[in-house]
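Written below as structure tokens is the structure these notes are about.
In what follows, every heavy atom counts, from backbone to side chain, and hydrogens, waters and symmetry copies are set aside.
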Amino acid sequence: AYAKQLTDGSHPLTARVFVNRLWLHHMGRGLVASPNDFGLSGDRPSHPKLLDWLATDFVKHGWDQKRLHRMILLSRTFQQSSRRTPELDAIDPENILFGRANLRRLQAEEIRDAILSVTDNINHHLGGPSIPVTQNGEGKVVIGVQKIRDGIPVEANEDHPDAYRRSAFIEVQRSLPLNMLSTFDLPAMTPNCDLRRPTTVATQSLWFMNDSLMVGRGADLASHLHRHFETSQERITVLFIRLFAKPPSADQERACLEFLEEQKEVRVTEKTGNHDALATLCQTLMASNRFLYID
């Protein structure tokens, strides 16, 4: 009876809370900035009439989530640039009224999936059991299964067949968050997470520089570019289109070519040097703000 009362359209908050969550996901800030508190102690909605209209329309069309996503993504508000102007800053410095787009970093799961996607490693298989996580010999939480010898955990088998599936299928244990996801602000469920609060810390840069996932995927992408394209200019152009959906400018191409030459000088042989230099460039560009932030 309670479930029916929540979803029959008569409850004043159910649809509004849901719509606000979707708006927060796409815009970086909800119409109500306190998504878990619509009460007296919460924030007042910035656009109350819009919130009411979206909630009513959502219920009227059968709680169709895909339709609601499409409506928000095709809206003029979502398609704005994030460029700031003195006029808008004077009127609305916190951008509460959405006069421009909010600069937003990808969430932890999105970063991992984006890396796997641009390097052609992602496994799109749906359904089935979750991907297990465990601790390796260094105490790092990784995808894999713990090996047991004589009843004692000895090491982790990280060679799991589903290791490159989307992050939505990774097992969630409060005591064992996957290292990569926790580095980029996986929700802390203590006891629950009402709002993700992104951080910018040194461990994130160190992860991009040193983690085996990044090193390996950079090498995979370099191998793909070497197999299919002859010149460095072609490889750089395709790399930029893959990562940033836009070819490099003349200055960017020149900087990348100089970077490749510098990297080749520290490699052992010309063959491995060319590949390793390109792998380092791939890894460096995937660590850039341009890849990590939605602008």
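- Between E109 and R112 no salt bridge is recorded (no basic side-chain N to carboxylate O distance below 4.0 Å).
- Side-chain contact between K140 and N136 is present, with heavy atoms from C-beta onward closer than 4.5 Å.
- In this structure, I91 has no side chain to side chain contact (heavy atoms under 4.5 Å, CB included) partners at least two apart in sequence or on a different chain.
- Considering only heavy atoms from C-beta on, F78 stays 4.5 Å or farther from W23 through its side chain.
- The backbone N or O of A3 lies less than 3.5 Å from a partner atom in the side chain of T7, making a donor-acceptor pair.
- Smallest separation of non-hydrogen atoms from V59 and A15: CG2-CB, 3.6 Å.
- A distance of 6.5 Å separates CE in M209 from CG in L206, rounded to the nearest 0.5 Å.
- Within the 4.5 Å cutoff, the side chain of F240 has heavy atoms near those of the R290 side chain.
- Although no hydrogens or angles enter the test, the distance criterion places no donor-acceptor pair under 3.5 Å between the side chain of D276 and the main chain of T280.
- Screening Q107, R105, R196 for a side-chain hydrogen bond (donor to acceptor under 3.5 Å, both in side chains) involving D185 leaves a single residue, R105.
- Side chain of Q79 to main chain of R76: no donor-acceptor pair is present (N/O by atom type, distance under 3.5 Å, no hydrogens or angles).
- With F169 as the aromatic partner, R165 meets the cation-pi criteria of under 6.0 angstrom to the ring centre and within 45 degrees of the ring axis.
- Taking all atoms of both residues into account, the shortest heavy-atom contact from L6 to W63 is O-CH2, 4.2 Å.
- Residue-environment remark: CZ (R227) exceeds the threshold of 12 foreign heavy atoms within 6.0 Å.
- Residues L73 and M71 share a single hydrophobic cluster, defined by chaining ILVMFWY side chains whose heavy atoms lie under 4.5 Å apart.
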* Stepwise side chain to side chain contact (heavy atoms under 4.5 Å, CB included) test for V215 and N210 -> CA-CA 7 Å; V215 175; N210 303 306; over 6 Å; no
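- Side chain of Q80 to backbone of T77: a donor-acceptor contact under 3.5 angstrom is found.
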* So D57 and R67, side chain to side chain contact (heavy atoms under 4.5 Å, CB included) or not? Walk me through it. -> CA-CA 10 Å; D57 184 79; R67 181 181 178 279; 2.5 Å; yes
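- Contact check for L285 versus L281: side-chain heavy atoms found under the 4.5 Å cut-off.
- Under a hydrophobic clustering in which Ile, Leu, Val, Met, Phe, Trp and Tyr are joined whenever their side-chain heavy atoms come within less than 4.5 Å, directly or via other members, Y293 and F291 fall into the same cluster.
- When all heavy atoms of S130 and E171 are compared, the pair lying nearest together is OG-CB, 3.8 Å.
- Between the side chain of Q204 and the main chain of T199, a donor-acceptor pair closer than 3.5 Å is present.
- In this structure, the side chains of V118 and M286 come closer than 4.5 Å at one or more pairs of heavy atoms.
- The cluster map of Ile, Leu, Val, Met, Phe, Trp and Tyr, joined by side-chain heavy atoms under 4.5 Å apart, puts L103 and L106 in the same cluster.
- Relative ring orientation between H224 and H228 is described as tilted, the plane-to-plane angle lying within the 30° to 60° band.
- Of the possible polar contacts, one joining the S75 side chain to the I72 backbone as a donor-acceptor pair under 3.5 Å is found.
- Separation of atoms CG (L126) and NE2 (H124) is listed at 9.5 Å; rounding is to 0.5 Å.
- When all heavy atoms of H226 and L278 are compared, the pair lying nearest together is CD2-CD2, 3.6 Å.
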* **Test side chain to side chain contact (heavy atoms under 4.5 Å, CB included) applied to I111 and I115, step by step** => CA-CA 6 Å; I111 293 173; I115 292 169; 3.9 Å; yes
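- Looking at heavy atoms from C-beta onward, V141 lies out of side-chain contact with T134 at the 4.5 angstrom threshold.
- Judged purely by atom type and a 3.5 angstrom limit, S182 uses its side chain to pair as donor or acceptor with the backbone of N179.
- Summarising the geometry, atom CG belonging to N102 is positioned 9.0 Å from atom OG belonging to S82; distances are rounded to the nearest 0.5 Å.
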* **Derivation of the side chain to side chain contact (heavy atoms under 4.5 Å, CB included) call for M180 and D211** => CA-CA 9 Å; M180 182 270 155; D211 193 85; 5.9 Å; no
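- Atom CZ of R104 has more than 12 neighbouring heavy atoms from other residues, nucleotides or ligands inside a 6.0 Å radius.
- Atom CG of D92 and atom CD of E87 lie 13.5 Å apart (nearest 0.5 Å).
- For the side chain to side chain contact (heavy atoms under 4.5 Å, CB included) test, residues two or more places apart in sequence or in another chain that qualify with R197 are D194, L195.
- A donor-acceptor contact closer than 3.5 angstrom links the side chains of N36 and R21.
- Checked by atom type and distance alone, the side chain of R235 pairs as donor or acceptor with a backbone atom of F229 at under 3.5 Å.
- Closest approach of I143 to A163, counting heavy atoms only: CD1-O, 3.6 Å.
- Donor-acceptor pairing under 3.5 Å is recorded for the side chains of S10 and D8.
- For the atom pair CG (L239) and CZ (F244), the distance works out to 7.0 Å, reported to the nearest 0.5 Å.
- Cluster annotation: Y2 is not connected to L13 through the hydrophobic network of ILVMFWY side chains, with a link wherever side-chain heavy atoms come within less than 4.5 Å.
- Atom CD of Q5 has more than 12 heavy atoms from other residues, nucleotides or ligands within 6.0 Å.
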* Give the C-alpha distance, both sets of side-chain angles, the deciding distance and a yes or no for side chain to side chain donor-acceptor pair (under 3.5 Å) between T119 and N121. => CA-CA 6 Å; T119 57; N121 283 288; 2.9 Å; yes
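- Just one residue in the list T237, V238, L243 forms a side-chain contact (heavy atoms from CB on, under 4.5 Å) with I241, and that residue is T237.
- A side-chain donor-acceptor contact under 3.5 Å links E234 to the backbone of E230.
- Within the 4.5 Å cutoff, the side chain of N123 has heavy atoms near those of the D162 side chain.
- Contact record, E253 with I236: O-CD1, 4.2 Å, taken as the closest heavy-atom pair.
- When side chains are defined from C-beta on, F184 does not count as touching P198, because their heavy atoms never get closer than 4.5 Å.
- By the criterion of side-chain heavy atoms lying less than 4.5 angstrom apart, applied directly or through intervening Ile, Leu, Val, Met, Phe, Trp or Tyr residues, I294 is grouped together with F208 in one hydrophobic cluster.
- R217 and D220 are joined by a salt bridge, as a carboxylate oxygen and a charged side-chain nitrogen come within less than 4.0 angstrom of each other.
- To the nearest 0.5 Å, the span separating CG on D120 from OG on S223 amounts to 11.5 Å.
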Show me the side-chain donor-acceptor pairs of residues 24-35 shorter than 3.5 Å, one per line, residues at least two apart or across chains.
unit_1, atom_1, unit_2, atom_2, d
H26, NE2, H69, ND1, 2.8
S34, OG, D37, O, 2.9
S34, OG, D43, N, 2.9

* To do: In sequence, state the C-alpha distance, the side-chain angles, and the governing distance for K49 and D52, and then conclude on salt bridge (charged side-chain N to carboxylate O under 4.0 Å, His left out).
  => CA-CA 5 Å; K49 291 184 179 180; D52 289 348; over 6 Å; no
